[in-house]
Amino acid sequence: MIKWQDKYALGVAEIDEQHHKLFDIAGQIEDLLNDQFITDKYDDIVAILGELKDYTIKHFKDEEEFMLQNKFPRFLTHKTMHMDFVEKIENIDLSKVDNDQNLYLREILNFVGEWLVEHILVEDAKYSVK
């Protein structure tokens with residue numbers, strides 16, 4: 001189960017709130033995956049991916065502004081990681097979704113969940129103010 005935990009807090013209120021929201025979106029993916037009553041999840045998958053992409057772009061913009069204001073030394077490396085994440089989401093082939101929607105959701109959930117945890121605990125922790 002992908003849920004926000006206090007260990008992910010960086011001590012930057014706005015960024016922590018945004019990370020919390022990203023965990024909420026990952027939770028939506030997980031909820032959809034586990035919902036046995038929805039037989040065709042395609043539209044829901046498209047909607048969640050759209051929300052994930054839009055919110056992530058906003059979050060990355062805000063986080064990058066914070067890093068620039070605080071003269072974070074690894075800004076360009078960090079920005080590249082953000083760009084790679086957005087590119088991965090943008091390049092999801094929705095034409096393959098109907099073949100096995102639950103398998104597809106599990107792959108998305110694994111990618112998003114692992115990326116969030118790893119990125120926050122390792123990369124974002126480098127600018128933590130706690």
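Residue numbers start at 1 and run along the sequence shown.
Ring orientation note: the planes of Phe85 and Trp115 are tilted relative to one another, at an angle of 30° to 60°.
Under the 3.5 Å distance criterion, with hydrogens and angles disregarded, a donor-acceptor pair is assigned to the side chains of His19 and His59. Inspection of the Gln28 and Asp44 side chains reveals no N or O donor paired with an N or O acceptor under 3.5 Å. One side chain, Glu63 or His78, offers a donor N or O that lies under 3.5 Å from an acceptor on the other.
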One pair to check against side chain to side chain contact (heavy atoms under 4.5 Å, CB included): Trp4 and Leu116. What are the steps and the verdict?
CA-CA 10 Å; Trp4 171 264; Leu116 269 175; over 6 Å; no

Check the pair Ile38, Asp35 against side chain to side chain contact (heavy atoms under 4.5 Å, CB included), reporting the backbone distance first and the verdict last.
CA-CA 6 Å; Ile38 301 175; Asp35 191 327; 3.4 Å; yes

Given side chain to side chain contact (heavy atoms under 4.5 Å, CB included), test Leu105 with Leu109 step by step and report yes or no.
CA-CA 6 Å; Leu105 276 170; Leu109 181 62; over 6 Å; no

Please report the C-alpha distance between His119 and His82 in whole Å, then the side-chain angles of each, then the deciding distance to 0.1 Å, and finally whether the side chain to side chain contact (heavy atoms under 4.5 Å, CB included) criterion is met.
CA-CA 10 Å; His119 188 76; His82 289 170; 3.3 Å; yes

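Tyr127 and Phe66 have their aromatic ring centers within a separation under 6.0 angstrom.
Note that the CD1 atom of Ile15 and the CE atom of Met67 stand 8.0 Å from one another [nearest 0.5 Å]. The CD1 atom of Ile108 sits 6.0 Å away from atom CD1 of Ile45, with the distance rounded to the nearest 0.5 Å. Taking OG1 of Thr39 as the reference point, atom CZ of Phe37 lies at 12.0 Å (rounded to 0.5 Å). If you take NZ on Lys53 and CD on Glu87, they are separated by 12.0 Å, rounding to the nearest 0.5 Å. Taking CG of Asp84 as the reference point, atom NZ of Lys79 lies at 11.5 Å (rounded to 0.5 Å). Rounding to the nearest 0.5 Å places OG1 of Thr77 at 8.0 Å from NZ of Lys126.
Between Ile120 and Glu123 the shortest side-chain heavy-atom distance does not fall below 4.5 Å. Within the 4.5 Å cutoff, the side chain of Ile89 has no heavy atoms near those of the Thr56 side chain. Between Leu22 and Val112 there is no side-chain heavy-atom pair separated by less than 4.5 Å. By the 4.5 Å heavy-atom criterion applied to side chains, Lys58 and Gln18 are counted as neighbours. At least one side-chain heavy atom of Leu94 sits under 4.5 Å from a side-chain heavy atom of Leu49.
Residues Leu52 and Phe111 share a single hydrophobic cluster, defined by chaining ILVMFWY side chains whose heavy atoms lie under 4.5 Å apart. Residues Val122 and Leu10 are members of separate hydrophobic clusters, defined by side-chain heavy-atom contacts under 4.5 angstrom among Ile, Leu, Val, Met, Phe, Trp and Tyr. When hydrophobic clusters are built by joining Ile, Leu, Val, Met, Phe, Trp and Tyr residues whose side-chain heavy atoms come closer than 4.5 Å, directly or via intermediates, Leu103 is not grouped with Val46.
Identified under the salt bridge (Lys or Arg N to Asp or Glu O under 4.0 Å) test for residues 103-122, with sequence neighbours left out: none. Sorted by first then second residue, the salt bridge (Lys or Arg N to Asp or Glu O under 4.0 Å) pairs that include residues 10-32, not counting sequence neighbours, are Lys21-Glu51.
When every heavy atom of Asp98 is checked against every heavy atom of Gln101, the shortest pair comes out as OD1-NE2, 2.9 Å. Shortest non-hydrogen contact noted between Asn102 and Leu33 is O-CD1, 3.3 Å.
A 6.0 Å sphere centred on NZ of Lys41 holds more than 12 heavy atoms belonging to other residues, nucleotides or ligands. For Lys3, the NZ atom counts as loosely surrounded, since its 6.0 Å shell holds 12 or fewer non-hydrogen atoms of other residues, nucleotides or ligands.
Looking only at distances, no side-chain donor or acceptor of Asn70 sits under 3.5 Å from a matching main-chain atom of Phe72.
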